[in-house]
Amino acid sequence: SKAQRIEIDAEGEAVSLPADALRSVPLFSALPNKVLERLQTGFRLERVPLGSDLLIEGSDRKTFFVIAQGQVEVLSKGVHGAHLRIALLTEGEFFGEVDLVSEKPSDITVRTITPCKLLTLSRRDLDGILDEVPNLRDDFQRAIAEHLELRSTVNRYGERNIDLVS
């Protein structure tokens, strides 16, 4: 399946994310425009060297990442404990969005395989944004709850889960 990408505006050293581009993140797709516009202002640009661990399996970074430049590998521990590469992500691709709203530790490790420019939104910055405007947190949590509920009823191929009775 084709990876989902976010449109990024990159001119010289300036890198930004159009608010409507955040709608392509499934977790954010149902958010009202005013929430997306506020979220967009919370992203920070980080320059990260080759070989940096961005997420570590079993830990909780509570950060959403959008790759503005560079490549990362997504690793998962195999049955014998060795890291297996399960994906390569590049410009416009994203990860960690579920970690923003989940209390569970990450089930993947993500490591840079080139120097990267990343747009990041931390849980702390997200909380600050949601506390600025009355009802913003309620709108955000309602949209996230709807997304997670919908996601729990379909498998990774978008097919509805069905109960089989014998």
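Below, all heavy atoms of this structure are taken into account, side chains as well, without hydrogens, waters or symmetry copies.
No donor-acceptor distance shorter than 3.5 angstrom exists from the side chain of E37 to the backbone of K34, with no hydrogens or angles considered. Remark: side-chain polar atoms of S52 are not paired, donor with acceptor, to backbone N or O of L54 under 3.5 angstrom. In this structure, the side chain of T109 engages the main chain of E57 through a donor-acceptor pair within 3.5 Å. T114 places a side-chain N or O within donor-acceptor distance of the main-chain N or O of Q71, the cut-off being under 3.5 Å. Formation of a donor-acceptor pair under 3.5 Å by the Q40 side chain with backbone atoms of L17 is found in this model. Not one N or O on the side chain of S106 forms a donor-acceptor pair closer than 3.5 Å with the backbone of L55. With hydrogens and angles ignored, the 3.5 Å screen pairs a side-chain donor or acceptor of R23 with a backbone N or O of S29. No side-chain donor-acceptor contact under 3.5 Å links R44 to the backbone of S122.
Of all heavy-atom pairs between G42 and D125, the closest is O-OD2, 4.0 Å. T112 and P49 make their closest contact through OG1-O, 2.7 Å (heavy atoms, listed as atom of the first residue, atom of the second, distance).
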Let me see the working for F64 and F28 under ring-ring contact (aromatic ring centres under 6.0 Å, His included), right down to the final yes or no. CA-CA 12 Å; F64 172 50; F28 301 152; 5.4 Å; yes

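Checked against ring pair (Phe, Tyr, Trp, His ring centres under 6.0 Å), F95 has the following partners two or more places apart in sequence or in another chain: F65. Evaluation of the side-chain contact (heavy atoms from CB on, under 4.5 Å) rule for V74 yields I86, A87, L89, I108, V110 as partners, not counting sequence neighbours. Residues that satisfy the side chain to side chain donor-acceptor pair (under 3.5 Å) test with K77, not counting sequence neighbours, are absent from this structure. In this structure R137 satisfies the side-chain contact (heavy atoms from CB on, under 4.5 Å) test together with D127, L130, D131, Q141, sequence neighbours excluded.
A chain of hydrophobic side-chain contacts below 4.5 Å, direct or via other Ile, Leu, Val, Met, Phe, Trp or Tyr residues, connects L119 to V35.
Hydrophobic cluster membership for I113: L88 (Ile, Leu, Val, Met, Phe, Trp, Tyr linked by side-chain heavy atoms under 4.5 Å, directly or transitively). Clustering of Ile, Leu, Val, Met, Phe, Trp and Tyr side chains at separations under 4.5 Å leaves L50 isolated, with no partner residue.
Counting heavy atoms from C-beta on, the side chains of H83 and E73 never come closer than 4.5 Å. C116 is listed as a side-chain neighbour of V72, based on a closest heavy-atom distance under 4.5 Å.
K117 has no carboxylate O lying under 4.0 Å from a charged side-chain N of E91, or vice versa, which leaves the two without a salt bridge.
Counting only N and O atoms by type, the side chains of E46 and T120 include a donor and acceptor under 3.5 Å apart.
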